[in-house]
Colleague: 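Right, I'll just put the structure down here and ask away after.
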Protein chains: 4
Amino acid sequence: MSSIESQSRRSIGAARNPDSHEAILAAAEEIFCEAGYAGFSIEAVARRARAGKPTIYRWWPSKAHLLLDVYTRLKSSRMPDPDTGTLEGDIRSFLTELVRFWSGNTGGVYKSLIAEAQADDKAAEALQAYSIERTQHTAGMFERAKARGEMRADADSLAASDLMSAYAWKLLLTDRLADQADIIDKVTSILVRGLVK
Amino acid sequence: MSSIESQSRRSIGAARNPDSHEAILAAAEEIFCEAGYAGFSIEAVARRARAGKPTIYRWWPSKAHLLLDVYTRLKSSRMPDPDTGTLEGDIRSFLTELVRFWSGNTGGVYKSLIAEAQADDKAAEALQAYSIERTQHTAGMFERAKARGEMRADADSLAASDLMSAYAWKLLLTDRLADQADIIDKVTSILVRGLVK
Amino acid sequence: MSSIESQSRRSIGAARNPDSHEAILAAAEEIFCEAGYAGFSIEAVARRARAGKPTIYRWWPSKAHLLLDVYTRLKSSRMPDPDTGTLEGDIRSFLTELVRFWSGNTGGVYKSLIAEAQADDKAAEALQAYSIERTQHTAGMFERAKARGEMRADADSLAASDLMSAYAWKLLLTDRLADQADIIDKVTSILVRGLVK
Amino acid sequence: MSSIESQSRRSIGAARNPDSHEAILAAAEEIFCEAGYAGFSIEAVARRARAGKPTIYRWWPSKAHLLLDVYTRLKSSRMPDPDTGTLEGDIRSFLTELVRFWSGNTGGVYKSLIAEAQADDKAAEALQAYSIERTQHTAGMFERAKARGEMRADADSLAASDLMSAYAWKLLLTDRLADQADIIDKVTSILVRGLVK
DNA sequence: CGCTAACCGAGACGGTACGTCTTGTCTTGTT
DNA sequence: AACAAGACAAGACGTACCGTCTCGGTTAGCG
């Protein structure tokens, strides 16, 4: 349990109190890890963080924004961005590492974010922005393969990045993150053959 | 508004009343189309269908099961299961038709089902069962390509089916169903090259 | 558990089945004793008696009628009707015995009957009829005292009976049946002095 | 119909809102008078008062507590507490006034309270506390008679008060409040003779 | 140096939906 | 015709959260 929440905090005046901010994020993460998305309510976070509900609503306009912050906060251990020197190695490594990365609580948060985005427009926007940024970033992996002359120039890097991450999403959303080495190999093989010269 | 809900129904005794069953599904569909997942509550469905809540809970153990039934009911217009004679035609046709199929309310229902599955275990089970059945069915498309000698024997049909549908899921979940002809082409191209001999 | 309810009964044709009748009363009594008035529902009785709800509704038009039957059934041990030879002895004995009589489940049933009568008209009628009959019967006790020349001729026997039983009702309804020997003495004393010549 | 419910109320913050409190009591009283105990549900009161159910449950832990408050609120016209100068006058006056006081809706509320107390423990407690307080208060009437030297010193004031009110309870509970002048006279006569020197 | 504005915790508020329970009616198929 | 079984519409139960509001208090920074 974080030390923050056990202390009593007060307003520090007409400015955002960083202690409250931190305590809320910490409480949100704890609750998510303990009770999952089902038990994740603004009410519960406020209770745990010893914060007023309006304080949360003031800084996070929706549950999704809070969730996104929790996700970003969990990403201290970096996202996969492999550079093994071969396309096959990169793809396999990307999928394997992403699956491992999501296997902890992180995956649960991201799943919930996707779920939330299906009902809430603000969440959808936030997710879309984040997802596009990620897809573009990962497309760099394929650009490097093109630069090496390993990948066809007429294959679309963004499309490849999108397709690869789509597969990871589906593994996440259908609870099949565990023991996927063999099926990752098969998918990697299809993708590599589809992209190499 | 359905004609069913305005009529008065009577119990037909100690057996499931198909009128009630139908009225509930119809009401569920209507509410979903009008108010979306956010407005979709058992309470509202019961009200609209002029049914008691326990009647709904008796037959659908969770919101997800009801949602799944609504989805199945919407599938009167058949799911895509193309057989164009070439692998490329099949894949492009599958993705194009699925995107078109999901562009109406059906897509909204399926999205909500996926979202629901992230929070509720029963929903997750129901979706998983359904998803596996669909993936296996669609794998038949690739088996036919193998039989024609068009597709590599060592490429896994299930993995291919899974990867292809994963891409469709991501389009659905990130609200990119509209105007995807070009990107579908690009993805189709990657998949075909990855699978052909 | 009664032996009746464990056997499976069937209709004996176009006539009232006395087994069902008995099983229902037995179940009603058991449920009342186990769970009190709060847990006493037609539903529960039907379940316990392995009877259909309509069967109960056919023979007992309201919960109160069923309750009254249960009460009558419990009265195998006779109601108090003392004849000690003195007015004081009779009054003290009546109150003491009634308190003892009600101290078991019987009191609970009677309380519930009174409670039910406050909400349900049919119950009120049934209770009123029963109560009048009892008051008149108990008035006989005072008539005997008059005949003995012990009680004033101008004191109304019905009023005395009514007042005495009113006190018992209040003890019952305010959960003060236990350890009332001293207060019964005090009330007896007031009543005796109020009635003797 | 009260004017309160048609106005819109606003929260006055983290303190109990007296408008809501009042609106709920008013609605409760109205519903009770219109529909009786049978139609008296927390749900209905909330609807009528335009209050949320949790607001009611926050302040009144059970239906009985709400009922008790409604009863207390109706007591603006004071409870009988006569001081005629003679014991006989006091008793007759007490019973007559109480019967008149209960003849309106007040009696219905009190009856329901007694009924509720037979099924619900919290109601029983609340009623018991109230009833004891009343009995003790009324005992003062008899203490005054003792001080005047009119009543026997060895007659118990509490017992007398209890017995007298018990009779009123029974009249109330058996729907015999109307036209009881003669029987009240008879009972008064018994009580007076039982208590005077 | 006093005023004001934004912050803080707390929590009450009107609502909505939850999932369960009971009510009294109705129908089925069996005896 | 009575029975066991149980589906049905209706609606109350008490709880959990939602998002908004007000309270009383605190502090920073402007005037």
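Note that the coordinates shown come from a computational prediction; the quantities given were computed from them, not determined experimentally. Residue numbering restarts at 1 for every chain, and letters A, B, ... go by the order of the sequence lines.
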Colleague: Considering only side-chain heavy atoms of B:E43, which listed nucleotide, E:dA17, E:dC8, F:dC13, is closest?
Modeller: E:dA17
Colleague: Once you round it to whole Å, what is the distance between C1' of E:dG24 and CH2 of C:W60?
Modeller: 16 Å
Colleague: Roughly how many Å is it from CD1 in A:I56 to P in F:dC21, rounded to a whole number?
Modeller: 17 Å
Colleague: Using heavy-atom distances to pick each residue's nearest nucleotide on DNA chain E, tell me which of A:I24 and D:G52 is more 5'.
Modeller: A:I24
Colleague: What is the distance from CZ of D:R50 to C1' of E:dC13, rounded to the nearest Å?
Modeller: 13 Å
Colleague: What's the CZ-P distance between B:R48 and F:dA10, to the nearest Å?
Modeller: 15 Å
Colleague: Nearest to the side chain of B:W59 - F:dA9, F:dC8, E:dC8?
Modeller: F:dC8
Colleague: Answer whether the closest heavy-atom distance between the side chains of C:L113 and C:V70 falls below 4.5 Å.
Modeller: no
Colleague: E:dA12, E:dT22, F:dA2: which one has an atom nearest the side-chain heavy atoms of D:R58?
Modeller: E:dA12
Colleague: Please report, rounded to the nearest Å, how far the P atom of F:dC18 is from the CD1 atom of A:I42.
Modeller: 6 Å
Colleague: Please tell me which of D:A44 and B:A46 maps to the more 5' nucleotide of DNA chain F, matching each residue to the nucleotide holding its nearest heavy atom.
Modeller: B:A46
Colleague: Just compare F:dA12, E:dG15, E:dT22 and give me whichever is closest to any side-chain atom of D:P54.
Modeller: E:dG15
Colleague: Using whole Å, report how far CG of B:L66 lies from C1' of E:dC18.
Modeller: 15 Å
Colleague: Using OP1 and OP2 only, check whether a side-chain N or O of A:T55 sits under 4.0 Å from E:dC7.
Modeller: no
Colleague: Taking salt bridge (Lys or Arg N to Asp or Glu O under 4.0 Å) as the test, write out the residues that go with B:E43, two or more places apart.
Modeller: B:K53
Colleague: Carefully, step by step, assess A:E29 and A:R48 under the rule salt bridge (charged side-chain N to carboxylate O under 4.0 Å, His left out).
Modeller: CA-CA 11 Å; A:E29 186 183 326; A:R48 171 79 67 111; over 6 Å; no
Colleague: Would you please confirm or rule out a distance under 4.0 Å between OP1 or OP2 of E:dA17 and any side-chain N or O of B:R47?
Modeller: yes
Colleague: Can you sort out the partners of D:D175 under salt bridge (Lys or Arg N to Asp or Glu O under 4.0 Å), two or more places apart, ordered by chain and number?
Modeller: D:K111
Colleague: Looking only at the side chain of C:Y57 (C-beta and beyond, no hydrogens), which of the listed nucleotides E:dT25, F:dC13, F:dC18 gets closest?
Modeller: E:dT25
Colleague: Anything under 30° is parallel, anything over 60° is perpendicular, the rest tilted; go ahead and classify D:H21 against D:W60.
Modeller: parallel
Colleague: Under 3.5 Å, is there any donor-acceptor pair linking the side chain of A:K53 to the base of E:dG11?
Modeller: no
Colleague: Tell me the interatomic distance from C:K63, atom NZ, to E:dG24, atom P, rounded to whole angstroms.
Modeller: 8 Å
Colleague: Does a side-chain N or O of B:S20 approach OP1 or OP2 of F:dA7 to a distance below 4.0 Å, or not?
Modeller: no
